[in-house]
Amino acid sequence: MAGVACRVARAGILKTTVPGIITPGTAKFSTLREMTTARKAVAAALGVIGAGGASLVYALNQSVKATDLTLHTANFPWPHDGVFSSFDHASIRRGYEVYKNVCAACHSMKYIAFRNLIGVSHTEDEAKDEAKSVQIPDGPDEEGNMFERPGKLSDYFPNPYANDEAARSANNGALPPDLSYITAARHGGENYIFSLLTGYCDPPAGVSVREGLYYNPYFVGGAIGMAQALYNEVMEYSDGTPATSSQMAKDVATFLKWASEPEHDDRKRMSIKVLMIFSLLFGVTYYIKRHKWSVLKSRKFAYKPPQ
């Protein structure tokens with residue numbers, strides 16, 4: 001790299017205009033200097049037209065289509081949306097209470113274990129108590145029979161149904177999805193969950209919903225098999241927070257966001273360390289670059305014709 005730089009420097013600095021001396025041609029790295037003003041204007045105009053056309057195509061693609069019957073969710077100001085912002089762990093704890101008392105009747109979270117709650121929303125003793133409050137199928141025993149036992153920290157959240165067929169039979173043919181990674185699996189993430197839980201309303205004129213379904217404009221197609229589950233004061237929080245429908249929707253959406261990204265806080269904490277280390281390394285690298293290249297950049301070439 002240094003040899004290439006030296007050759008380029010010699011080619012430009014040793015160039016002379018003394019009559020009678022022929023110098024070899026040098027490489028020209030830029031053709032903009034040779035372009036006329038008219039060509040530059042044409043190139044700039046083409047660039048502006050191309051950028052404008054791309055922007056127009058993007059805007060048309062993002063616009064709401066007349067055939068689109070799904071209402072798009074808004075972007076809510078979540079506390080964890082900041083570059084270095086962490087989860088609201090009190091909200092995660094309340095969201096777990098909403099899931100336990102409301103959502104767990106139909107939805108599973110088979111990839112989340114009770115031990116995952118430790119240090120996030122519960123202490124170790126509290127997590128043990130939560131695990132012991134459920135009965136986990138186990139076995140077989142010495143006689144070959146299956147049995148139930150109190151849960152342990154290593155157990156995963158229990159499934160409300162024995163299998164998918166039982167879940168469909170209990171919900172008019174609809175299979176309640178597993179909520180372990182629901183915010184990562186749905187466009188809009190926690191914004192979609194909050195909007196869906198608070199978006200139930202009467203169908204507009206001209207829209208009919210068959211029996212057993214409920215109208216929700218945020219659900220694809222508008223008809224959803226899940227009835228509205230969150231109402232004001234449908235449960236009580238252990239910390240005394242008023243259990244309004246919007247508060248419960250916000251808390252359970254935060255809890256489900258944590259379930260989908262349990263490494264969220266650690267990732268942002270690590271990014272702070274990385275930025276600090278790279279800032280230090282940038283200063284050291286810049287100093288070494290200046291030190292190594294100062295000899296090449298400060299050299300002076302002089303042409304002395306023979307006497």
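Numbers for residues simply follow the sequence, beginning at 1.
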- Message: Applying side chain to side chain donor-acceptor pair (under 3.5 Å) as the test, list every pair that has at least one member in residues 270-289; sequence neighbours left out.
- Response: none
- Message: Test of understanding: with salt bridge (charged side-chain N to carboxylate O under 4.0 Å, His left out), list the residues that count as partners of R186, not counting sequence neighbours.
- Response: none
- Are E126 and R93 ion-paired here, with the side-chain N under 4.0 Å from a carboxylate O? yes
- Answer whether the closest heavy-atom distance between the side chains of K110 and N159 falls below 4.5 Å. no
- Message: If the condition is ring pair (Phe, Tyr, Trp, His ring centres under 6.0 Å), which residues does H89 pass it with, not counting sequence neighbours?
- Response: none
- Validation row: Y218, S195 side chains within 4.5 angstrom (heavy atoms): yes
- Would you say the side chain of F147 lies within less than 4.5 Å of the side chain of P137, judging by non-hydrogen atoms? no
- Correct closest heavy-atom pair for S260 and T183 would be OG-OG1, 2.7 Å
- Query: Has the side chain of S55 got a donor or acceptor atom that lies under 3.5 Å from a matching backbone atom of A51?
  - Reply: yes
- Note on the structure: Quick note, salt bridge (Lys or Arg N to Asp or Glu O under 4.0 Å) partners involving residues 225-240, not counting sequence neighbours, are R94-D239
- Which residues satisfy the ring pair (Phe, Tyr, Trp, His ring centres under 6.0 Å) test with F278, sequence neighbours excluded? none
- Beyond-backbone contact of N216 with L196, side-chain heavy atoms, under 4.5 angstrom: yes
- Students should find that the hydrophobic cluster of I49, defined by side-chain heavy atoms under 4.5 Å apart, otherwise consists of none
- ring pair (Phe, Tyr, Trp, His ring centres under 6.0 Å) partners of Y181, counting only residues at least two apart: Y111
- Item | Atom pair OG1/CD of T254 and E190 - distance to nearest 0.5 Å | 7.5 Å
- Using a side-chain heavy atom cutoff under 4.5 Å and only I, L, V, M, F, W and Y, what cluster partners does V42 have? L46
- Query: At what distance, to the nearest 0.5 angstrom, does NZ of K250 lie from CD1 of I193?
  - Reply: 15.5 Å
- Query: Would you find a donor on one side and an acceptor on the other, under 3.5 Å apart, between the side chain of K268 and the backbone of G82?
  - Reply: yes
- Query: Is C106 close to N171 at the side-chain level, that is, under 4.5 Å between some pair of heavy atoms?
  - Reply: yes
- Please walk me through it: do I136 and V134 pass side-chain contact (heavy atoms from CB on, under 4.5 Å)? CA-CA 6 Å; I136 303 297; V134 299; 3.9 Å; yes
- Query: Which atoms form the tightest heavy-atom contact between G188 and T73, and what is the distance?
  - Reply: CA-OG1, 4.4 Å
- When rounded to the nearest 0.5 angstrom, what distance separates CD1 in I118 from NZ in K128? 7.5 Å
- Kindly indicate whether the side chain of L197, heavy atoms from C-beta on, has any atom under 4.5 Å from the side chain of M226. yes
- Message: Give me each pair satisfying side chain to side chain donor-acceptor pair (under 3.5 Å) with a member in residues 96-108, each pair once, sequence neighbours excluded.
- Response: Y96-E130, E97-S238, K100-E130, S108-D178
- Query: Do P262 and N116 come close enough that some side-chain heavy atom pair is under 4.5 Å?
  - Reply: no
- Task: Calculate, to the nearest 0.5 Å, the distance between atoms CG and OH belonging to L56 and Y58 respectively.
- Result: 13.0 Å
- Query: If you look at every heavy atom in Y237 and A243, which pair is closest and at what distance?
  - Reply: CE1-CA, 3.9 Å
- Query: Which residue pairs pass the ring-ring contact (aromatic ring centres under 6.0 Å, His included) test when at least one of the two sits in residues 183-205, sequence neighbours left out?
  - Reply: F76-F194
- Item | Rounded distance (nearest 0.5 Å) linking atom OG of S180 with atom CD1 of I112 | 5.0 Å
- Task: Give every residue pair that meets the side chain to side chain donor-acceptor pair (under 3.5 Å) criterion with at least one member in residues 148-157, sequence neighbours excluded.
- Result: R115-Y156, D138-R149, R149-D155
- Item | D129/K132 under salt bridge (Lys or Arg N to Asp or Glu O under 4.0 Å): CA gap, chis, key distance, verdict | CA-CA 5 Å; D129 293 337; K132 291 178 181 178; 5.1 Å; no
- Heavy-atom closest pair, residues D251 and S91: OD1-OG, 2.7 Å
- Going from CG on L175 to CD on E165, what distance comes out if it is rounded to the nearest 0.5 angstrom? 9.0 Å
- Closest contact, heavy atoms only, F114 versus P158: CZ-CD, 4.2 Å
- Task: Determine the minimum heavy-atom distance between A105 and P160, stating which atoms define it.
- Result: O-CB, 3.6 Å
- Are any side-chain N or O atoms of D141 and backbone N or O atoms of N145, one a donor and one an acceptor, separated by less than 3.5 Å? yes
- Query: Quick one: are Q247 and V98 in side-chain contact, heavy atoms under 4.5 Å?
  - Reply: no
- Note on the structure: Residue set satisfying ring pair (Phe, Tyr, Trp, His ring centres under 6.0 Å) with H80, at least two apart, ordered chain then number -> W78, F87, H264
